[in-house]
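Since the structure is predicted, the reported quantities are computational estimates derived from the model, not experimental observations. All values below were derived from every heavy atom in this structure, side-chain atoms included, with hydrogens, water molecules and symmetry-related copies excluded.
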Amino acid sequence: MENKFIITALINRFNDGIVEVDEKSDLLTVIVGKEIIHDVIAFLRNEPLNFGFLTDICGIHYPNSVLPLGVIYHLHNFYENKRIRIKTFVSLDRPEVSTMTDLFAGANWMERETYDFYGILFAGHPNLKRILNVDYMDYFPMRKEFPLEDRTREDKDDRFFGR
C-alpha cells in the first residue's frame with residue numbers, strides 16, 4: 001500500500017479536515033482537526049485501509065504554539081505491514097478529544113496515561129482518571145510549564161556543566 005493511496009482516500013473522505021500531510025520522514029504523518037479525529041481513526045481502521053491495530057496514543061506539549069497540546073495516534077496495518085501517524089491539536093483552555101475506546105479496547109489505558117501526564121480529556125471515556133500519578137496531584141507533569149532546574153540552589157557549580 002502506497003502513501004499516495006492512503007492520502008487520496010483520506011482527502012476524498014475528509015477534504016477540509018486534513019490540516020497537513022507529511023511524507024518526509026519514514027512514517028506517513030497526517031494532522032487532522034480534533035472535530036473529526038474519531039471519524040478519521042474509524043475510517044483508517046476499516047477496509048480498504050485496514051489499520052486495525054492501535055500501537056500507541058501519546059500526548060505532546062508545544063508551549064509556544066496556538067494549539068499547544070496534541071494527541072498522537074500510531075496505527076498499524078498487519079496485512080500490508082504499514083504504519084501511519086495521526087496527530088490532532090487542542091487548546092489549553094479546552095483540551096478535549098473524542099475517545100477511541102469504542103474502536104480499540106487498548107485505548108483505555110493509553111488515554112488515561114495521556115490524561116494523567118498532559119491533562120487532555122477524552123470525551124466519552126468510560127473511566128478517565130489518573131493511572132500513574134496520585135489522585136490529589138493538581139498539575140500535569142509532562143507539560144512544559146515548569147523550569148527544569150531549581151534556580152535557588154547554591155550548591156551547584158555551573159562550570160562543571162559547560163555553562
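Among all heavy-atom pairs drawn from Val90 and Glu96, the shortest one is CG1-O, 3.6 Å. Thr29 approaches Ser25 most closely through the heavy-atom pair OG1-OG, 4.4 Å. When all heavy atoms of Pro68 and Ser91 are compared, the closest pair comes out as CD-CA, 4.1 Å. Here the closest non-hydrogen pair linking Cys58 and Thr114 is CA-OG1, 3.8 Å. A pairwise comparison of heavy atoms in Ser98 and Tyr73 identifies O-OH, 4.1 Å as the closest pair. Listed here is the closest heavy atom pair of Ile57 and Ala107: CD1-CB, 3.9 Å.
Panel note: side chain Arg83, backbone Thr55; no donor-acceptor pair is recorded below 3.5 Å. Panel note: side chain Lys144, backbone His61; a donor-acceptor pair is recorded below 3.5 Å.
Annotation: side chain of Ile31 is not in contact with side chain of Asp22 (no heavy-atom distance under 4.5 Å). In this structure the side chain of Ile120 never reaches within 4.5 angstrom of the side chain of Glu111, judged on heavy atoms. The side-chain heavy atoms of Asn50 and Phe78, taken from C-beta on, include no pair separated by under 4.5 Å. Between Lys34 and Leu67, the closest side-chain pair of non-hydrogen atoms is not below 4.5 Å. Taking the side chain as every heavy atom from C-beta outward, Phe140 and Glu145 never approach each other to under 4.5 Å. Contact check for Leu49 versus Lys82: no side-chain heavy atoms found under the 4.5 Å cut-off. The shortest side-chain heavy-atom distance between His125 and Arg112 falls under the 4.5 Å cut-off. You'll find the side chain of Glu80 stays beyond 4.5 Å of the side chain of Phe5, heavy atoms only.
The environment of CZ in Arg85 is crowded: more than 12 heavy-atom neighbours from other residues, nucleotides or ligands sit within 6.0 Å.
Rounding to the nearest 0.5 angstrom, the gap separating the CG atom in Leu75 from the CG atom in Leu27 is 10.0 Å. A distance of 8.5 Å separates CZ of Phe117 from CZ of Arg130, quoted to the nearest 0.5 Å. In this structure, CG on Leu128 lies 9.0 Å from CG on Asn108, to the nearest 0.5 angstrom. To the nearest 0.5 Å, atom CD1 of residue Ile18 and atom CG of residue Leu10 are 5.0 Å apart. Taken from CE in Met142 to CG in Asn133, the straight-line distance is 10.5 Å, to the nearest 0.5 Å. Here the CZ atom belonging to Arg13 is positioned 8.5 Å from the CD1 atom belonging to Ile36, to the nearest 0.5 angstrom.
Under the 30°/60° scheme for interplanar angles, the aromatic rings of Phe14 and Phe43 are found to stand perpendicular.
Under the 4.5 Å side-chain heavy-atom criterion for grouping Ile, Leu, Val, Met, Phe, Trp and Tyr, Ile72 is not connected to Ile84 through any hydrophobic cluster. Follow the hydrophobic side-chain contacts under 4.5 Å out from Tyr139 and you reach Val134 in the same cluster. In this structure, Ile86 is a member of the same hydrophobic cluster as Met1, with clusters built from ILVMFWY side-chain heavy atoms closer than 4.5 Å. There is a path of hydrophobic side-chain contacts, each under 4.5 Å, that joins Leu132 to Val71. Grouping the Ile, Leu, Val, Met, Phe, Trp and Tyr side chains by contacts below 4.5 angstrom, directly or via other members, places Met100 apart from Phe89.
A distance of 6.0 Å or more separates the ring centres of Phe122 and Tyr115.
A side-chain contact (heavy atoms from CB on, under 4.5 Å) with Phe53 is found for exactly one of His76, His74, Arg45, namely His76. Of the candidates Thr99, Thr88, Asp102, Asp102 is the only one forming a side chain to side chain donor-acceptor pair (under 3.5 Å) with His38.
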**Q.** Worked check of side chain to side chain contact (heavy atoms under 4.5 Å, CB included) between Ile7 and Leu28
**A.** CA-CA 9 Å; Ile7 294 166; Leu28 174 63; 3.9 Å; yes
